[in-house]
Chemist: 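There's a structure below that I have some questions on.
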Amino acid sequence: AEIFQLHNGWPCIVDYYTLPNSSTQELGQRVLTDYPNAVNVPLCIDHTGHARNHATGHSDFYILEQLGFKKIKSTPTKSVRDKFNHLNVMLKDAAGGVRLRIARQCVARKWREFPSLVECLENAQYNAKHTDFDDPLYGHTPDGVAYALMNEYPIRRPTTPIATARVMGY
């Protein structure tokens with residue numbers, strides 16, 4: 001899970017959680033312990049969050065609602081290529097502009113043997129044969145970041161046509 005905040009108009013990851021072998025309930029409680037006002041902040045989960053796949057018979061969406069989160073947004077599942085491209089463009093676009101910021105405390109921090117946020121983003125690899133970021137060590141974090149970015153900070157196509165250049169003869 002990643003905590004985003006706007007910094008000078010750009011999304012900035014200010015904190016993140018890697019809680020292996022934990023439940024949605026545990027993660028939600030941990031976020032609320034560190035950020036009590038998080039219930040009023042948009043929470044982006046992937047579309048599968050509506051599925052009842054827990055031993056309790058409840059969905060991630062339901063569990064988070066029960067913890068008090070109010071603004072839960074469910075992102076329809078996107079293609080891996082779209083998620084990967086969106087993440088890369090936010091990290092550095094074709095003109096060299098950086099849209100996604102990462103707070104210093106997230107750069108080197110690790111949780112036990114798990115890689116840091118930056119290591120996960122740097123090692124995310126696109127694989128056309130799979131349906132998700134498939135690396136078990138590095139794949140989960142970039143997938144979550146991509147869902148949040150696509151939901152909260154979409155990249156939109158220009159609304160007006162871009163003029164085409166004409167070749168002038170001499």
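Counting from 1, the numbers follow the sequence of the chain as shown.
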Chemist: Indicate the atoms forming the closest heavy-atom contact of Leu117 with Tyr16, along with that distance.
Modeler: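 Distance-wise, the nearest heavy atoms are N-OH, 3.0 Å.
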Chemist: Find the distance between CD (Gln66) and OG1 (Thr24) and round it off to the nearest 0.5 Å.
Modeler: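 Reported to 0.5 Å precision, the distance equals 13.0 Å.
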Chemist: Run the side chain to side chain contact (heavy atoms under 4.5 Å, CB included) check on Leu121 and Ile102 step by step: do they pass?
Modeler: CA-CA 11 Å; Leu121 295 174; Ile102 300 173; 3.7 Å; yes
Chemist: List for me each residue that meets side chain to side chain donor-acceptor pair (under 3.5 Å) alongside Glu65, sequence neighbours excluded, and say none if there are none.
Modeler: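 Result, side chain to side chain donor-acceptor pair (under 3.5 Å) vs Glu65: none returned.
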Chemist: To the nearest 0.5 Å, how far apart are CZ in Arg30 and OH in Tyr17?
Modeler: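 Interatomic distance, Arg30 CZ to Tyr17 OH, rounded to 0.5 Å: 6.0 Å.
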Chemist: How close do Leu64 and Gly28 get, heavy atom to heavy atom, and via which atoms?
Modeler: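 For Leu64 versus Gly28, the nearest heavy atoms are CD2-CA, 4.4 Å.
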Chemist: What is the distance from atom CE of Met90 to atom CG of Leu149, rounded to the nearest 0.5 Å?
Modeler: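 Those atoms lie 5.0 Å apart.
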Chemist: How about Asn8 and Arg101: do any of their side-chain heavy atoms sit closer than 4.5 Å?
Modeler: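 Contact flag for Asn8/Arg101 side chains = no.
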Chemist: Please check this pair: side chain of Asn151 against backbone of Tyr147, looking for a donor-acceptor N/O pair closer than 3.5 Å.
Modeler: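 Checking the backbone N and O of Tyr147 against the side chain of Asn151, no donor-acceptor pair under 3.5 Å is found.
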Chemist: Can you name the residues that form a side chain to side chain donor-acceptor pair (under 3.5 Å) with Tyr35, not counting sequence neighbours?
Modeler: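 Counting only residues at least two positions away or on another chain, Tyr35 forms a side chain to side chain donor-acceptor pair (under 3.5 Å) with Asp15.
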Chemist: Identify, with sequence neighbours excluded, every residue that meets salt bridge (Lys or Arg N to Asp or Glu O under 4.0 Å) alongside Glu26.
Modeler: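 Here no residue qualifies.
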Chemist: Is Trp10 reachable from Val14 through a run of I, L, V, M, F, W or Y residues, each pair having side-chain heavy atoms under 4.5 Å apart?
Modeler: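 No, separate clusters.
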Chemist: Considering non-hydrogen atoms only, spot the tightest contact between Pro11 and Leu6 and give its length.
Modeler: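 Smallest interatomic distance, heavy atoms only, reads N-CD2, 3.9 Å.
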Chemist: Answer yes or no: is there a side-chain heavy-atom contact under 4.5 Å between Lys83 and Leu87?
Modeler: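 A side-chain contact under 4.5 Å is absent here.
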Chemist: Please table the atom pairs, donor to acceptor, closer than 3.5 Å between any side-chain atom in residues 92-100 and protein atoms at least two apart or in another chain.
Modeler:
{"residue": "Asp93", "atom": "OD1", "partner": "Ala95", "partner atom": "N", "Å": "3.0"}
{"residue": "Asp93", "atom": "OD1", "partner": "Gly96", "partner atom": "N", "Å": "3.0"}
{"residue": "Asp93", "atom": "OD1", "partner": "Gly97", "partner atom": "N", "Å": "2.7"}

Chemist: For Cys120 and Pro142, work out which heavy atoms get closest and say how close.
Modeler: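 So the two residues come closest at O-CG, 3.6 Å.
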Chemist: How far apart are the closest heavy atoms of Cys12 and Ala103, and which atoms are they?
Modeler: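 The answer is SG-N, 3.8 Å.
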Chemist: Taking side chain to side chain contact (heavy atoms under 4.5 Å, CB included) as the test, write out the residues that go with Gln29, two or more places apart.
Modeler: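 Partners of Gln29 by the side chain to side chain contact (heavy atoms under 4.5 Å, CB included) criterion, ordered by chain and then number, come out as Gln25, Leu67.
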Chemist: Test Ile13 against Val145 for side chain to side chain contact (heavy atoms under 4.5 Å, CB included), laying out the working first.
Modeler: CA-CA 9 Å; Ile13 299 175; Val145 172; 4.1 Å; yes
